Amino acid sequence: MEPNKLKFAETHEWIAAEGQTARVGVSDHAQREMSDVVFVELPAAGKDVKQKESCMVVESVKAAFDVYAPVSGKITRVNEKLKNEPQLVNQSPYEDGWLFEVELSDPSELGALMDAEAYEKAKTTAH
Amino acid sequence: MEYVSFTQEDQDEMLRVIGVKDFGDLLSGIPRDLRLREFNIGPGMSEMDLLISLRRIGQRNFHSDRFASFLGAGAYDHYIPPVVGQLSSRSEFLTAYTPYQGEASQGTLQTIYEYQSLMCNLLAMDVSNASVYDGASAAAEAVVLALRHTSRPRVLVPETLHPETIETLKTYAGNLPVEFVLLPQKDGVTDLDILEKQADGRTAAVVLQNPNFMGFLEDVSRASEIARKAGALMIVSVNPLSLGVLEAPGVLGADIAVGDGQPLGNPVSYGGPHFGFFAVKEPLMRRLPGRISGMTVDNKGRRAFVLTLQAREQHIRREKATSNICTNHALSALKALIFLTVIGPHGFKRMAELNVQKSHETLDILKSVPGVKPYSAAPFFNEFTVRIDKDDEKLKRAFFAQKLIGPLHLGRFDERWRGLYLVAVTEQRTTDEMERLARAIRDA
Amino acid sequence: MSEVIFEKKSRNPGEHVSPTDPLFKLSAAIPEKHLRRSPLGIPELSELEVVRHFTRLSQKNFCVDTNFYPLGSCTMKYNPRVNDQVAAWPFYARIHPYQEERHVQGMLQVIHELEEDLCRITGMDAFSLQPAAGAQGEFAGLLIVKAYHDLKGQKRTKVFVPDSAHGTNPASAALCGYEVVQIKTDAAGRVDVADLKTKAKKDTACFMMTNPNTLGLFENNIREITRIVHDAGGLVYYDGANLNALLGISRPGDMDFDIVHVNLHKTFAVPHGSGGPGSGPVGVRAELEKFLPQPRLKRTEEGFVWDYDRPYSIGRLRSFYGNVGAYLRSYCYIRALGSAGLKRVSEFAVLAANYLKARLKNHYEMPHDSHCMHEFVCSARAQKAKGVKALDIAKRLLDEGIHAPTVYFPLIVEEALMVEPTETESKQTLDEFADAMIRIAEQADRDPASVQAAPVSTPVGRIDEVKAARTPNLRWQD
């Protein structure tokens with residue numbers, strides 16, 4: 001996925017929306033900050049998530065990072081590959097290292113997210 | 001007796017390097033009115049006088065070197081080979097910190113890994129942590145784990161669980177959304193028909209102690225089956241020494257196995273320190289509280305050990321940690337590891353069998369004493385409950401007269417248990433001591 | 001390669017234990033269905049093999065008895081051997097917690113006097129020794145906070161911790177159902193009083209802090225801080241991690257703290273035992289005494305007894321009465337030192353820390369230049385610019401035969417190195433440490449790669465923690 005076609009949250013998640021569903025991951029900047037990812041605690045499919053609320057955790061050796069849902073909706077699929085290959089988050093944050101797919105409950109929420117250019121500017125100051 | 005090393009010259013030189021005239025300048029940040037004026041802890045003592053004083057105080061304690069103990073209920077007078085104390089008190093184990101600097105702590109890290117492996121083997125579980133404080137807090141941590149893992153509120157607790165463990169569970173889980181249901185016992189064991197009725201889709205965990213607080217063996221398999229059907233986690237608390245003869249909780253269906261490790265090479269020490277063990281089946285691995293040591297390699301590919309899965313822990317995850325626990329009882333767990341390897345598989349089995357033999361021998365002797373009635377025909381390991389129809393105060397005096405530390409009166413925990421006594425018989429008790437116990441009851 | 005115990009095998013027929021009676025039949029006593037069929041999985045080795053295995057393993061550890069151990073916030077002082085001997089005497093090691101009180105009066109006297117000593121040292125009115133460790137002491141303290149507000153019918157939801165706090169503080173608060181709010185640190189390294197003022201409100205349950213704080217600095221506004229929290233109706237909790245700085249000098253009780261926990265394994269010389277057991281007694285002001293864990297030791301005309309009739313108690317935290325072996329060691333330590341000796345502990349601890357700080361200040365950044373108490377935090381930020389991180393310096397120290405300081409804590413100092421020398425080291429040892437630190441700083445400047453390569457003299461080099469966590473191997477399997 002081309003980063004310039006994605007939308008970003010200020011908490012460093014990316015989202016690629018297509019109609020009612022979207023795929024979510026963390027940005028290249030975020031995976032660098034995390035360093036070596038050792039475990040991805042995936043949410044259960046079917047779980048309802050709310051925009052800006054923590055919905056799963058990514059662990060590195062020395063830290064645990066909350067992933068915040070960039071939009072509200074229901075989780076439809078998770079990236080099972082990460083169970084055995086958590087390093088995909090580091091190696092391929094925008095492709096093989098995606099985290100989950102979500103069915104949007106309110107597509108208008110996408111409007112509040114940044115495009116790649118705005119994220120590029122904001123990421124150094126965002127938390 | 002002090003343990004400081006600076007001479008007056010050292011102090012003067014140090015103050016000069018710091019650039020202050022006198023020591024008081026270093027404390028100038030403390031407001032005057034907060035400086036302590038009177039500090040009265042008494043004068044210090046020479047080491048000689050200290051030992052004399054502590055010996056004098058200690059002589060007011062009646063201990064099991066001089067009085068044969070039939071007291072158990074969670075802490076037992078077991079044999080400890082001298083090599084256990086000698087190896088575990090080596091400076092390098094005794095005075096090291098938690099092994100956060102892995103390269104300088106391979107000894108500790110490997111012993112923890114070996115301890116984890118051995119506990120997994122004994123318990124037939126997949127993953128063990130490096131130990132927690134004691135059996136009661138281990139059970140409490142297990143309940144907290146189950147509540148968080150299942151997001152369900154109900155915990156089924158048998159009244160044959162150690163009363164102090166029940167109290168500890170309530171303290172730990174008191175501020176979580178939880179609803180404890182107490183399961184009654186029948187003939188000394190948990191009534192599983194009632195368990196079956198109570199276990200439902202809102203049940204997070206079923207807890208069972210085996211052997212239970214009254215000494216009797218529970219049907220862990222059936223209870224696990226009931227828990228599994230309800231989608232609840234099965235938490236089993238065991239006496240680790242009993243595993244020399246009894247089937248392992250992992251085989252019987254436990255999801256979490258816990259207990260107090262004191263019987264493995266740790267002195268009773270008026271109740272602590274002991275250690276709690278805590279092991280789970282694989283799916284719960286990342287929910288374990290406390291430290292874990294893992295095997296890996298160093299930068300040259302050599303085998304190495306390191307604390308791992310740390311992202312669960314308080315120093316990383318802070319308020320989102322699986323537990324607030326920071327310590328493990330490393331030294332007490334090390335004693336258990338050394339104890340198990342020193343006595344070996346045959347010695348361990350022998351010790352467990354000897355407990356069975358001697359406790360059954362004691363019951364046989366007591367049965368013939370007027371006023372003594374077995375509480376239940378259920379099988380037991382090294383402890384059993386009997387009813388003794390005698391005055392408790394008279395009994396206590398008779399035990400003392402026979403130079404015994406007598407069995408535990410269960411009435412101290414529950415009015416309904418007045419007249420019931422829990423008798424613990426370890427491998428150290430002799431036939432003569434059993435007969436003195438019988439005599440004491442007869443005399444009371 | 002380091003063989004694990006399961007890779008060794010020799011002979012051990014189990015003769016440490018006497019055999020059972022030849023007539024004894026296990027299945028006659030216990031029905032078959034309960035009996036073990038699965039293997040025990042205990043290795044079989046002769047006693048010599050066992051002794052050699054563990055002796056060799058021990059030699060792979062750094063410890064206080066062999067190496068200087070300036071681990072910040074951990075108080076790695078010398079642990080007098082005489083105390084271990086007392087704790088191992090049968091009078092103390094072979095008594096049972098359910099013996100009648102009249103038969104263990106000596107033990108109860110020790111517990112009672114230690115409670116009183118801790119009251120005098122901290123300025124509190126009552127102590128319970130029950131908590132097994134500092135984190136359990138905190139947990140007890142927060143349950144007391146909760147019980148106190150509940151009894152007043154107040155619903156308070158927030159616990160404050162400074163952003164420099166130890167991780168157990170927020171974890172303990174969360175376990176009690178509290179929301180954790182961080183209070184900022186100001187430019188001088190102290191609690192930002194203005195930030196506290198805006199946050200202290202009707203929902204404030206408690207402020208948990210240490211003093212000196214984790215930067216090693218005395219909170220000189222402490223009276224104002226406790227007043228602000230009290231005015232808002234909250235309580236103030238003292239984490240005793242840094243009490244080694246204050247013995248006989250100043251007391252949390254006089255600073256108006258309501259609840260205190262102390263770590264017997266830090267300040268009061270209980271050996272750390274490679275990670276425990278420790279002990280974390282909790283103390284309170286008189287008004288909060290009724291909430292302390294139960295049972296409580298009570299003095300009566302017939303002697304000491306355990307009191308279980310305490311309707312307001314937060315309950316029990318563990319079985320029996322706590323880590324008694326630790327009480328005995330600390331009791332001996334306090335008796336041996338007396339008032340003058342205890343005061344000298346803190347004076348020398350403060351002197352040692354300030355001396356090291358002075359010796360290192362031209363070589364490492366000191367984020368706060370005021371005098372410190374018993375420990376100080378420096379930063380390897382300048383070295384990091386050359387590619388040498390705090391972690392590299394820590395590892396390089398191991399090659400010098402010195403245990404590393406605490407690194408990356410507190411979180412608010414970049415590349416933090418936290419140094420706590422304690423009072424028991426000689427000046428010569430302190431100088432060796434300072435010399436080594438200065439050498440490493442020069443080396444970082446000249447040849448960063450050689451620092452990054454450390455350690456080279458330890459039994460293993462840098463450990464692959466990523467592999468350990470990605471493919472966990474947590475037990476031996478044949």
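Below, read A as the first sequence line, B as the second, and so on, with proteins coming before strands; counting in each chain starts at 1. A quick note: this is a predicted structure, and the numbers were derived from the prediction, not measured.
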Practice task
Name the orientation class of the two ring planes belonging to C:Tyr78 and B:Tyr3 (parallel below 30°, tilted from 30 to 60°, perpendicular beyond 60°).
Solution key: tilted
Option that, when pairs with chain B are counted at under 4.5 Å, heavy atom only, ranks first among [options]:
options: C:Met373, C:Arg344, C:Glu465; value: C:Arg344
options: C:Pro277, C:Ala135, C:Gly315; value: C:Pro277
options: C:Gly338, C:Ala358, C:Gly273; value: C:Gly273

Relative to chain C, which segment of [X] carries a heavy atom at a distance below 4.5 Å: side chain, backbone, both, or neither?
X: B:Leu246; value: both
X: B:Asp77; value: side chain
X: B:Val127; value: side chain
X: B:Asp65; value: both
X: B:Leu340; value: both
X: B:Leu27; value: side chain
X: B:Ser5; value: both
X: B:Val297; value: both

Handout entry: Over 12 foreign heavy atoms within 6.0 Å of CZ, B:Arg35
Key = yes
Exercise for the section: Using a cut-off of 6.0 Å, state whether more than 12 heavy atoms not belonging to B:Lys170 lie near its atom NZ. Expected result: no
Exercise for the section: Ignoring hydrogens and angles, state whether a donor on the side chain of C:Asn323 or C:Arg318 is under 3.5 Å from an acceptor on the partner side chain. Expected result: yes
Practice task
Say whether B:His162 and B:Glu167, considering side chains only, have a donor N or O and an acceptor N or O under 3.5 Å apart.
Solution key: no
Practice task
Salt-bridge test for C:Arg462 and B:Asp298: reply yes if a basic N is under 4.0 Å from a carboxylate O, no otherwise.
Solution key: no
Practice task
Decide, yes or no, whether a salt bridge links C:Asp117 with C:Arg335 under the criterion of side-chain N to carboxylate O below 4.0 Å.
Solution key: yes
Exercise for the section: Taking the six-membered ring for Trp and the single ring otherwise, decide whether the centroids of B:Phe275 and B:His329 are under 6.0 Å apart. Expected result: no
Practice task
Return the option, out of B:Gln101, B:Arg350, B:Lys349, with the maximum number of heavy-atom pairs under 4.5 Å with chain C.
Solution key: B:Arg350
